[in-house]
Amino acid sequence: MGRQATEMLKGVLEGIVLAFLSGRSAYGYEITAWLRDEGFTDIAEGTVYALLIRIEQRGLVDVVKVPSEKGPPRKMYSLTGPGQDYLNEFWRTWSFLSERLEQLREEGNTHVG
């Protein structure tokens, strides 16, 4: 992934993670693995954990510590009501931006040549 794509992804990664958590609770590692399975292979695990800390501090996710057979308890993340509200706003914003960008691209194609 190029630098431009990486910068764009940083701006929407929070929404992507919240969208994943709207369907189920998950551990940080599961979220990272899912992102990689979805083609976001350049995302570092540390990036995801830093994001999870930020959205936890903002009350967008709940965290429950679940005992682990191997080592310390693991954190299970789930979406809160405010997290769902934030996700809904993210999708509204995404729709608005994607429509405007597509319109600009189409207009740009008519000005070429």
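Residue numbers count from 1 along this sequence.
Expressed to the nearest 0.5 Å, how far CD of Glu102 lies from CG of Leu97 amounts to 13.0 Å. Here CG of Leu13 is found 9.5 Å from CG of Leu18. Values are rounded to the nearest 0.5 Å. With rounding to the nearest 0.5 angstrom, the CG atom of Leu51 is 9.0 Å from the OG1 atom of Thr47. Residue Gln103 holds its CD atom at 11.5 Å from OG of Ser98, rounded to the nearest 0.5 Å. Here the OH-CD1 distance, from Tyr49 to Ile31, works out to 8.0 Å after rounding to the nearest 0.5 Å. To the nearest 0.5 Å, the span separating OG1 on Thr80 from CZ on Arg58 amounts to 10.5 Å.
Heavy-atom neighbours of Arg100 CZ from other residues, nucleotides or ligands within 6.0 Å: above the threshold of 12.
Scanning all heavy atoms of the two residues, the minimum distance from Phe20 to Arg24 falls at CZ-NH1, 3.5 Å. Gly15 and Leu87 make their closest contact through O-CD1, 3.7 Å (heavy atoms, listed as atom of the first residue, atom of the second, distance).
When side chains are defined from C-beta on, Gln84 counts as touching Asn88, because their heavy atoms get closer than 4.5 Å. Contact annotation: the side chain of Thr93 never approaches that of Phe90 to less than 4.5 Å [non-hydrogen atoms, C-beta and beyond]. For the pair Val48 and Tyr29, the minimum side-chain heavy-atom distance is 4.5 Å or more. Taking the side chain as every heavy atom from C-beta outward, Glu89 and Asp85 never approach each other to under 4.5 Å.
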Can you list, pair by pair, the side-chain donor-acceptor contacts under 3.5 Å of residues 59-76, counting residues two or more places apart and other chains?
{"from": "Ser68", "atom 1": "OG", "to": "Lys70", "atom 2": "N", "distance (Å)": "3.2"}
{"from": "Ser68", "atom 1": "OG", "to": "Lys70", "atom 2": "O", "distance (Å)": "3.2"}

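Hydrophobic clustering (ILVMFWY, side-chain heavy atoms < 4.5 Å, transitive): Trp91 and Met8 are in distinct clusters. Under the 4.5 Å side-chain contact rule for hydrophobic residues, Leu9 and Leu21 share a cluster. No single ILVMFWY cluster, assembled from side-chain heavy atoms under 4.5 Å apart, contains both Ile16 and Tyr27. Note on Val17 and Val12: same hydrophobic cluster, where clusters join Ile, Leu, Val, Met, Phe, Trp and Tyr whose side-chain heavy atoms are under 4.5 Å apart, directly or indirectly.
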